[in-house]
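Hydrogens, waters and symmetry mates are skipped; everything else that's a heavy atom, side chains included, is used. Letters A, B, ... mirror the listed sequences (proteins, then strands); counts begin at 1. Note that the coordinates shown come from a computational prediction; the quantities given were computed from them, not determined experimentally.
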Number of protein chains: 2
Amino acid sequence: MTDGVAERSRPRDRILETAQDMFHKHGIKGVGVDAITEAAGTNKMTLYRHFESKDDLIIECLRATAAKASRIWDEFEAEHPGDKLAQLHAWVRKASELLSADSRGCDMANAAVELTETDHPARRVIKELKEAQREKLVALCRDAGIGQAELLADTLSLLLEGARVSMQSVGAEGPSAQFVRMAESLIASFRAR
Amino acid sequence: MTDGVAERSRPRDRILETAQDMFHKHGIKGVGVDAITEAAGTNKMTLYRHFESKDDLIIECLRATAAKASRIWDEFEAEHPGDKLAQLHAWVRKASELLSADSRGCDMANAAVELTETDHPARRVIKELKEAQREKLVALCRDAGIGQAELLADTLSLLLEGARVSMQSVGAEGPSAQFVRMAESLIASFRAR
DNA sequence: CTAGGGTGTTACCGGTCTGTAACTTTCAGA
DNA sequence: TCTGAAAGTTACAGACCGGTAACACCCTAG
């Protein structure tokens, strides 16, 4: 019941939303399809009428989560129209908000850790989505007038990825607490070149 | 058989070594105790005579892996006696070697991702071990004459942690490819202050 | 009112999981 | 050679897993 998503929308949407939430909280291998359907207020047969398999559901969840996350780029543009540097700082602030105390990190990264089979169908989807995210950040850095845009984007990516996983192992008081300071001074030093 | 560890040592040691290897390769939830004992050339009863439970085995594996990893600090001291700055550069080089193509990342971080129950007994062990590693890197930075030793150590930690998890999601050609360059220029900029 | 697709229900399959019981075998040390 | 502890063997319990079959129901479009 703690994971209940009781809105009366269509079963497929409820399953997708509930699965995203439960995969995020408890991990992919930590949640069974029975638990998902029960929390979504439906049943296993309905799930398998909309999704080929649990793997298929996993993939759709990752796509949905990534699609939701990608909307922040529009928010940045709306908040700071044309000001790409301000948008980059907004990215840092938004990223730091992902490091709240009980964070479970990035769903795609977590999935990559959990799904160890090298030929798992979700792995190429994860790679695709992560590469798309990377390109967006590179473009933002470049448009903000940064000389070595790729290097700054990649460094910021690794810092955030590291912070999100560090949160889960050492907690919020660990190295991830300094993320904003690291990111900001990094941007400053790249701008100075 | 691919995971076989056939040396004729004592069963407990074989189980521990085999479990470390299999947990690392296939993940904790991806390996059952039956598979471990079979690969270790023993049986389940013997495992449960030496370890209270699978959780206990997990903890012992993490401790053993961390103990093995902590020996690199002695290697650094042996290779560059007294030269802490050279040891810091050696750390960067050693860290980059962890980013080889098929890397599965840090066992502790991966375990933290997989074991989502907040009260899982392994979680406090992971935190302890990670904090110990952090303190060693901070001490190295400080002894190398870096002003803001904690900040540099934490930044390097996040970069490495991020690189190791990024390898698993986007692969070796992703942002992690630039790790050495990032780390070195970071050290240089901290030394310049 | 009726037809039919979407949904719910129940039961089941074969497999895997952690963990245990009871018993036999091996083997080193006295 | 005898003894006793460590290790191996077999079988099992009880739970959970992903996935399917067969059937009853509801509810809306015609």
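- Following rounding to the nearest Å, A/K29 (NZ) and D/dG18 (P) show an atom-to-atom distance of 11 Å.
- The interatomic distance linking B/F51 (CZ) with D/dA6 (C1') rounds to 15 Å, in whole Å.
- Residue side chain A/R49 does not reach the base of C/dG5 through any donor-acceptor N/O pair under 3.5 Å, judged by distance alone.
- Note on A/H50: every side-chain N or O is 4.0 Å or more away from OP1 and OP2 of C/dG6.
- Position along DNA chain D of the nearest nucleotide to A/I28 versus B/N43 favours B/N43 as the more 5'-ward residue.
- The base of C/dG19 sits with one of its N or O atoms less than 3.5 Å from a complementary donor or acceptor on the side chain of B/K44.
- When each of A/V138, A/L137, A/L152 is checked for a side chain to side chain contact (heavy atoms under 4.5 Å, CB included) with A/S157, only A/L137 meets the rule.
- The side chain of B/T42 places an N or O atom within less than 4.0 Å of a non-bridging phosphate oxygen (OP1 or OP2) of D/dG8.
- Both A/M167 and B/L160 are assigned to one and the same hydrophobic cluster, defined by single-linkage of ILVMFWY side chains at heavy-atom distances under 4.5 Å.
- D/dC16 atom C1' lies 14 Å from atom CD of A/E38, rounded to whole Å.
- When only modelled atom types and interatomic distance are considered, A/T46 and A/N43 share a side-chain donor-acceptor pair under 3.5 Å.
- Hydrophobic clustering of Ile, Leu, Val, Met, Phe, Trp and Tyr side chains at less than 4.5 Å, counting indirect connections, unites A/V180 with A/L186.
- No side-chain donor-acceptor contact under 3.5 Å links B/E117 and A/H26.
- Heavy-atom distances to DNA chain D give each of A/D34 and B/T46 a nearest nucleotide, and the one nearer the 5′ end belongs to B/T46.
- Of the candidate nucleotides D/dG18, D/dA21, C/dT18, D/dA21 has the atom lying nearest to any side-chain atom of A/M45.
- We find that CZ of B/R10 is positioned 21 Å from P of C/dT26, with the value rounded to whole Å.
- At whole-Å resolution of the value, CG in A/D55 and C1' in D/dC17 are 13 Å apart.
- In this structure, A/H26 places its NE2 atom 15 Å from P of D/dC16, rounding to the nearest Å.
- Look at OH on A/Y48: it is 18 Å from P on D/dA22, rounded to the nearest Å.
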